[in-house]
Amino acid sequence: MDSKLPSSVKYIYAYIRRSRQDIQREKKTDQDTLAEQRSLLESILNKHYNHYDWDIYEEVGSGADAISDRPVFSHILKEIEKAPPRTYAIMVKEISRLGRGSYEQMGFIEKIILTKCVYIITPAQIYDPLDDNDIEYIRFHMFFANLEYGKITRRMREARYTYAAQGRWMTGGGGIPYGYKFNSYTQRLEPDENTAWVVQKIFDLYVNEGLGYNAISTRLTNEGIPTPTEKTNYWMPIVVRRILRNEVYIGTVKFRKTIIRNNEKIKLDEKDWIVAENAHPPLVSKEIFERAAEIMEENKSSPKVRLDFEPQPLAGLIVCSSCGKKMQRQYSTQHYMKKDGTESVYHKEFMNCLGCRVYIKYRAIEQEILRILQEDFIEVDVNILKQKLEEFIDLEKMQHGSLETSDRISVIQKQLESLEGELTALRRMLRKGQITDEEYAADRAEILKQKEEKERQLYFLQTETHREQIKEIDVEALQEGFKNLYDLYVNGDLSKGEKNEILRGIFDYIILEKTGKGKFNLHAYINPKIILNTISSTSH
C-alpha cells in the first residue's frame, strides 16, 4: 500500500477531526467519533507505516471548516510550509477531513499540497502530488466537499430562520440580553432572577420617577449593582439607554437584520426582518415600554434640546470633592400665582452631584470662578502669580478625595481598559446584528468622548510639573492673556458653548467643596496646555 510513498518522507501527520455529521451522530448515539477515527488510522499506520515517524493530531473543536477555527490543522500547515518539499505526508479518514470551506480556503490547502509535494494518505489509497491523475482526484473531491459544505450551510441558515420565527434565541449562549439566561434545551430566553429585577428597576426609574440616563447610571453605580459585563463598577448611560430601547424586554425577538454577502455585512429593510412576538416571558409590560419610548421621543423633539447643541459654560469643569465625579447641571422652572392673579416664573438652576446629594446654585459657582480669575490671576502681583502657577500644576496637590497621584493614575488606567472593553463589546454586538449601525455610531461616539476625557486626565497626572520651565514663562504676557479672556467672557457677545471653550482653555478642572448650606470653596487647576504652549512660544 505504501509503494507511492517515497523515502524522502520523514514524518506523517495523522489528522482526525469531527465533521458536522459526526457531531449529529454523537448526539444521537453517544459514540466517540474521534476515538473511532483514531483506532482506524492507528491500525493502518501500525500495519503499513510502522517504519515511518508519525503521530495522531486531534482537532477537538466543533466541526468548523475555516482553517482559522482549526488550530491543530493550522499548526500542521505552518510546519509543512517551513519544511523542504516531499518530506511530509498527511493521513486522514477521507479527503473532506482536510476541509470543505470556501474556495479560498480550499485553494490555500491545495497550494500547500502542490508546492510542498505533500502526500495524502487515506485508508483506500495514497495520493501523489506529482501524479496529475491523483491531483485531479483530490481537486474533484475538494470541489464536491465544497458544494456539500454550501448545502449544509444553507440548510443550517434556513433552519435558524425557521427557529427564529418561532421565537427561539438563535445566537445560542452568546449575546444573551442582560436580565435573561439561555435555556439550551428549549433554545429560548428565560428571566434571570439575579438580574431581571435590575432591568425592571431601570424602567421604573425612567418612566415613574422621571430620571434620565445619567441619573439612572449614577443611582445604579452608587448602589453597587454589578454592571452587565461585571468588568467595571460604573454603569454607562449608553448601557441604560440600550436597555430602555430593547424590545426583547417585552418578549419580542428580532432576527436577520443583516446578512453577509462576499464577507460584507448588508443591512436589510425592516420588512425583511424576522420578528417573533411573545417569544419569551417579558420583564416589563408593553405599556411601560411604550411609555419609555414616548418619553425618549418627547425629549428628542423638546424645544429645550437644540439640534445644534452647545454645552453650558461650566460643562465638564466642576468636580465633586467627595466622590471625584463630574457634577451635572440641573434646570427647572416653577410657576407661582401672585395675589393679583398674575403668574410668576421662578428659574431654578443648580450644579449637583446626585450620589453625594450636593446642590449649589449654578450662577454662584460661575461668579466665584470669575472672581478667582480676576483676583488670583489678573489683579495679583506678577511674582505671586508665578508662585501660584507652580502650585496649580503641582501634581501632589491635585487630590480627589484621599487618592494619591499614583493611585489615581492606576484608577484612570483601569477605567480606560474598561472603556476599551466596552468598544470591543460594542463591535461584537454590531457584527452579531444585536444593534443597528445608528446605535453603534451613537454609542461609540459616547464611549470615545469618555475615553478622550480619561486620556486627558491621565496625561495631566503623568506630566512633569515643569517647575524649571515656569521660570522661563513671560508671566506678564500670560497675565495679559487671562485679562483678555476675562473681558471677552464678561463683555463679549458669546454663546454658552464659546464661554465653555474659554473656561476649559484656562482651567483643567475645578474641585467644588461644600462647606455649608449653599456655601462652598473652589479649588481651580490650570489647563496644562497653557503652561506647555507658553513654554513652547517663549523658547523660540
Side-chain angles (χ1 to χ4, degrees), residues 176-181 189-230 232-254 277-306 309 312 320 323 325-336 345-359 362 434-436 439 442-443 446:
I176 304 302
Y178 181 73
Y180 283 103
K181 57 186 177 181
L189 298 178
E190 295 178 351
D192 183 352
E193 59 183 13
N194 295 319
T195 55
W197 66 273
V198 182
V199 174
Q200 294 164 343
K201 179 184 181 74
I202 289 172
F203 275 92
D204 181 63
L205 292 174
Y206 189 72
V207 173
N208 297 324
E209 295 194 24
L211 299 186
Y213 309 137
N214 290 304
I216 294 174
S217 66
T218 300
R219 174 80 69 88
L220 299 178
T221 300
N222 290 339
E223 292 181 4
I225 298 174
T227 61
T229 63
E230 297 187 354
T232 175
N233 296 324
Y234 173 65
W235 276 81
M236 298 182 66
I238 59 173
V239 174
V240 173
R241 183 182 66 184
R242 194 181 301 131
I243 288 174
L244 290 168
R245 295 167 63 177
N246 197 340
E247 290 181 87
V248 74
Y249 296 115
I250 56 173
T252 299
V253 167
K254 291 186 176 181
E277 297 181 350
N278 303 315
H280 51 262
L283 298 188
V284 297
S285 68
K286 193 172 182 179
E287 291 74 21
I288 289 179
F289 185 85
E290 290 177 349
R291 179 54 189 150
E294 289 174 0
I295 294 173
M296 289 182 197
E297 194 61 32
E298 290 169 2
N299 292 337
K300 186 189 301 183
S301 59
S302 172
K304 294 182 292 184
V305 181
R306 294 169 52 192
F309 171 76
Q312 293 290 324
C320 175
C323 66
K325 295 180 181 178
K326 295 287 179 68
M327 298 180 69
Q328 305 295 325
R329 173 178 176 267
Q330 185 179 47
Y331 176 80
S332 63
T333 57
Q334 287 187 346
H335 298 260
Y336 297 96
V345 180
Y346 177 57
H347 299 270
K348 299 172 67 174
E349 190 176 23
F350 293 91
M351 287 295 285
N352 68 69
C353 177
L354 291 175
C356 300
R357 298 184 178 179
V358 173
Y359 296 84
Y362 193 93
Q434 295 171 352
I435 57 175
T436 65
E439 290 172 328
D443 292 352
E446 180 65 27

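Note that the structure is a prediction, hence the values are computed from the model and not measured.
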Please report the interatomic distance [atom1]([X]) to [atom2]([Y]), rounded to the nearest 0.5 Å.
X      : Y      : atom1 : atom2 : value
Leu211 : Ile202 : CG    : CD1   : 11.5 Å
Asn222 : Lys325 : CG    : NZ    : 5.0 Å
Arg357 : Tyr359 : CZ    : OH    : 8.0 Å
Thr195 : Ile225 : OG1   : CD1   : 11.0 Å
Met296 : Arg245 : CE    : CZ    : 7.0 Å
Asp192 : Ile176 : CG    : CD1   : 10.5 Å

Contacts satisfying side chain to side chain donor-acceptor pair (under 3.5 Å) that involve residues 210-220 (not counting sequence neighbours) are none
Is any side-chain heavy atom of [Y] closer than 4.5 Å to one of [X]?
X      : Y      : value
Val248 : Leu189 : yes
Arg241 : Asp443 : yes
Met327 : Cys320 : yes

Which pair of heavy atoms, one from [X] and one from [Y], lies closest together, and at what distance?
X      : Y      : result
Ile243 : Val199 : CG2-CG1, 4.0 Å
Pro226 : Tyr178 : O-OH, 3.8 Å
Val240 : Trp235 : CG2-CE3, 4.3 Å

- Message: Could you check whether any side-chain N or O of Gln200 sits under 3.5 Å from a backbone N or O of Leu283, counting only pairs where one atom can act as donor and the other as acceptor?
- Response: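 Between the backbone of Leu283 and the side chain of Gln200 there is a qualifying donor-acceptor contact (under 3.5 Å).
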_More than 12 heavy atoms of other residues, nucleotides or ligands under 6.0 Å from CD of Glu193: yes or no?_
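Count not over threshold, so no.
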- Task: Kindly determine whether Phe289 and Thr252 satisfy side-chain contact (heavy atoms from CB on, under 4.5 Å), including the steps that lead there.
- Result: CA-CA 12 Å; Phe289 185 85; Thr252 299; over 6 Å; no
Any idea how Phe203 and Tyr249 line up, ring-wise: parallel (<30°), tilted (30 to 60°), or perpendicular (>60°)?
->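 If you compare the ring of Phe203 with that of Tyr249, the planes turn out perpendicular.
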Note to self: Test side-chain contact (heavy atoms from CB on, under 4.5 Å) on Lys201 and Leu220; report intermediate values, then the result.
What the structure shows: CA-CA 9 Å; Lys201 179 184 181 74; Leu220 299 178; 4.0 Å; yes
